[in-house]
Amino acid sequence: MDVKLEYMKPGEIEARSFEIIRQELENQGRSVTWLAKQLNFSRSNLYKIFDKSTLDTAVLMQISQLLKVDFFQYYTDELEMRITKGCEL
């Protein structure tokens with residue numbers, strides 16, 4: 001999956017996290033229900049987690065491992081862009 005993120009305001013990358021994960025689930029032919037079961041969450045609790053303004057790194061690590069995608073790279077790319085442009089975090 002190759003998603004290029006433009007510079008975002010604080011909090012926007014977190015809001016896009018679920019969108020990016022959902023797209024990857026779709027690409028792999030998997031569902032949100034499947035992901036919730038793998039994480040031992042109910043589907044509604046998974047949605048609640050993604051509705052928050054922050055995403056727990058342990059959960060993101062589990063999702064990255066399950067889907068075999070480095071979702072942390074999106075945060076790294078965003079941080080690099082902010083450092084390069086001298087933007088606040």
Side-chain angles (χ1 to χ4, degrees):
M1 181 169 77
D2 187 25
V3 175
K4 251 334 202 186
L5 301 176
E6 296 298 320
Y7 170 72
M8 295 182 201
K9 295 176 186 168
E12 286 181 332
I13 192 166
E14 290 84 359
R16 287 244 6 238
S17 295
F18 191 47
E19 179 185 328
I20 293 166
I21 292 167
R22 283 186 70 153
Q23 183 61 50
E24 184 58 32
L25 284 167
E26 185 178 310
N27 290 346
Q28 292 187 21
R30 301 182 188 277
S31 67
V32 173
T33 302
W34 174 87
L35 181 59
K37 285 180 184 177
Q38 299 305 306
L39 296 170
N40 293 317
F41 295 147
S42 69
R43 188 172 182 268
S44 61
N45 281 346
L46 185 58
Y47 278 108
K48 286 178 187 175
I49 288 168
F50 284 115
D51 281 342
K52 293 181 181 179
S53 61
T54 61
L55 181 57
D56 187 305
T57 55
V59 173
L60 188 60
M61 177 65 83
Q62 288 178 297
I63 294 169
S64 292
Q65 289 176 309
L66 286 167
L67 298 179
K68 297 178 179 26
V69 173
D70 181 5
F71 291 107
F72 290 94
Q73 187 62 47
Y74 299 104
Y75 290 89
T76 302
D77 292 347
E78 178 69 12
L79 178 60
E80 201 172 292
M81 194 178 319
R82 289 179 187 196
I83 291 170
T84 301
K85 292 183 176 185
C87 300
E88 291 184 27
L89 292 176

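Only heavy atoms go into these numbers, but all of them, side chains included; no hydrogens, no water, no symmetry mates.
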Rounded distance [0.5 Å steps], [atom1] in [X] versus [atom2] in [Y]:
| X | Y | atom1 | atom2 | result |
| --- | --- | --- | --- | --- |
| Leu46 | Asp51 | CG | CG | 10.0 Å |
| Ser31 | Arg43 | OG | CZ | 7.5 Å |
| Gln62 | Thr57 | CD | OG1 | 10.5 Å |
| Arg22 | Asn27 | CZ | CG | 12.5 Å |
| Ile63 | Ile20 | CD1 | CD1 | 12.0 Å |
| Ile49 | Leu60 | CD1 | CG | 11.5 Å |

Intermediate values then yes/no, side chain to side chain contact (heavy atoms under 4.5 Å, CB included), Glu24 and Phe71 = CA-CA 10 Å; Glu24 184 58 32; Phe71 291 107; 4.0 Å; yes
inquiry  = Walk me through whether Gln28 and Val69 qualify under side chain to side chain contact (heavy atoms under 4.5 Å, CB included).
reply    = CA-CA 11 Å; Gln28 292 187 21; Val69 173; 4.2 Å; yes
inquiry  = Could you walk me through whether Ile21 and Leu35 satisfy the side chain to side chain contact (heavy atoms under 4.5 Å, CB included) test, starting with their C-alpha distance in whole Å, then the side-chain angles of each, then the deciding distance to 0.1 Å, before giving a yes or no?
reply    = CA-CA 10 Å; Ile21 292 167; Leu35 181 59; 4.0 Å; yes
query = Given Leu39 and Leu66, is the side chain to side chain contact (heavy atoms under 4.5 Å, CB included) satisfied, shown in steps?
reply = CA-CA 9 Å; Leu39 296 170; Leu66 286 167; 3.8 Å; yes
query = Which word best sums up how the rings of Tyr47 and Phe18 line up, parallel for under 30°, tilted for 30 to 60°, or perpendicular for over 60°?
reply = perpendicular
inquiry  = Going by ring-ring contact (aromatic ring centres under 6.0 Å, His included), name the residues that satisfy it together with Phe41, two or more places apart in sequence or in a different chain.
reply    = none
